[in-house]
Amino acid sequence: MKNPQCNCCDGYAHYLRKNGFEIEVKLTIDLAWISSKAGVPANFQGCHTMFIDGHVVDGHVPVKAVQKLLSERPDIAGIALPGMPMGSPGIAGGKTEPFTIYEVTKDGKAPAVYSTE
């Protein structure tokens, strides 16, 4: 799900398709509400939200972390890469620092680091 005005989300969808995922893009103006309802705290939200196999993936999360989530199937709500970091999938520019991906808990506890890339 993405905001209708966001073009980088289309770049992220293309990136996922290129890496073997089937993606259906849905437009919404309620993205913050959808992310919140999925358990993603406001300060950990990205510009789009994906649901895959019972997990939420919020933001420009690299495919390696998505694949890790799908293979390990941890007991969490999902994962998030907050904001729109330079060089992340779908965002132009070079990577300026490691991407810290956070796990989104089911119980509302503060997200902890899931992986760093």
Side-chain angles (χ1 to χ4, degrees):
M1 301 200 192
K2 76 171 203 103
N3 185 301
Q5 288 82 29
C6 186
N7 292 324
C8 65
C9 299
D10 295 326
Y12 185 68
H14 175 73
Y15 163 80
L16 289 173
R17 286 183 186 110
K18 195 170 88 175
N19 282 281
F21 289 88
E22 290 185 28
I23 303 296
E24 178 185 352
V25 177
K26 295 181 180 181
L27 305 178
T28 182
I29 58 170
D30 295 324
L31 192 57
W33 180 82
I34 290 167
S35 293
S36 246
K37 187 172 177 178
V40 183
N43 57 330
F44 285 85
Q45 294 176 9
C47 60
H48 56 264
T49 303
M50 176 172 72
F51 294 95
I52 185 166
D53 288 348
H55 288 98
V56 61
V57 176
D58 208 283
H60 293 263
V61 177
V63 73
K64 184 177 172 183
V66 176
Q67 290 168 332
K68 178 182 176 190
L69 175 72
L70 295 175
S71 69
E72 293 179 353
R73 300 203 181 278
D75 189 25
I76 58 175
I79 55 177
L81 177 59
M84 297 166 57
M86 286 287 282
S88 61
I91 300 290
K95 185 176 178 180
T96 58
E97 61 186 357
F99 303 134
T100 303
I101 296 102
Y102 294 88
E103 62 181 41
V104 177
T105 64
K106 292 180 178 179
D107 57 10
K109 290 184 181 175
V113 173
Y114 180 71
S115 67
T116 304
E117 293 188 30

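These numbers come from the heavy atoms of this one structure, side chains and all, not from hydrogens, waters or symmetry mates.
His55 contributes no side-chain N or O that, together with a main-chain N or O of Ala77, makes up a donor-acceptor pair within less than 3.5 Å. Tyr15 contributes a side-chain N or O that, together with a main-chain N or O of Val63, makes up a donor-acceptor pair within less than 3.5 Å. The main-chain N or O of Asp58 is never found under 3.5 Å from a side-chain atom of Gln45 such that the two would form a donor-acceptor pair.
Atom CG of Asp107 has more than 12 neighbouring heavy atoms from other residues, nucleotides or ligands inside a 6.0 Å radius. When the shell of 6.0 Å around NZ of Lys95 is examined, it contains more than 12 heavy atoms from other residues, nucleotides or ligands. Environment of CD in Glu72: crowded, with over 12 heavy atoms of neighbouring residues, nucleotides or ligands closer than 6.0 Å.
Figure legend: cation-pi geometry between Lys68 and Tyr114, with NZ or CZ positioned under 6.0 Å from the six-membered ring centre and within 45° of its axis.
Trp33 and Val56 fall within a single hydrophobic cluster, where Ile, Leu, Val, Met, Phe, Trp and Tyr are joined by side-chain heavy atoms under 4.5 Å apart, directly or via other members. Hydrophobic clustering keeps Ile101 apart from Phe44 (ILVMFWY residues linked when any side-chain heavy atoms are closer than 4.5 Å, directly or through intermediates). Residues Val61 and Met86 do not share a hydrophobic cluster, clusters being chains of Ile/Leu/Val/Met/Phe/Trp/Tyr side chains in contact below 4.5 Å. In terms of hydrophobic clustering, with Ile, Leu, Val, Met, Phe, Trp and Tyr side chains grouped at heavy-atom distances under 4.5 Å, Leu81 and Ile79 are assigned to a common cluster. Met84 and Tyr12 fall into different hydrophobic clusters, defined by Ile, Leu, Val, Met, Phe, Trp and Tyr side-chain heavy atoms under 4.5 Å apart, directly or through other members.
Distance check: Asp10 CG to His48 NE2 gives 10.0 Å after rounding to the nearest 0.5 Å. Note: Leu70 CG to Asp53 CG = 5.5 Å, rounded to the nearest 0.5 Å.
Side-chain atoms of Thr49 and Val40, non-hydrogen and from C-beta on, never get closer than 4.5 Å to each other. The shortest distance between side-chain heavy atoms of Val25 and Cys9 does not fall below 4.5 Å. Residues Leu69 and Ile76 have side chains in contact (heavy-atom distance under 4.5 Å, counting atoms from C-beta outward). Looking only at side-chain heavy atoms (C-beta outward), Gln67 and Phe21 come within less than 4.5 Å of each other. Tyr102 has its side chain within reach of Val113: a pair of non-hydrogen atoms, C-beta onward, lies under 4.5 Å apart. Side-chain contact between Met50 and Leu16: present, with at least one pair of heavy atoms (C-beta onward) separated by less than 4.5 Å.
Pairing each heavy atom of Phe99 with each of Pro85, the nearest pair is CE2-CB, 3.8 Å. Between Ala80 and Val104, the shortest heavy-atom contact is CB-CG2, 4.1 Å.
Thr28 pairs by the side-chain contact (heavy atoms from CB on, under 4.5 Å) definition with Met1, Asp30, Leu31, Ile34, not counting sequence neighbours.
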Take His60 and Cys8, measure what side chain to side chain contact (heavy atoms under 4.5 Å, CB included) needs, and give me the verdict at the end.
CA-CA 9 Å; His60 293 263; Cys8 65; 3.5 Å; yes
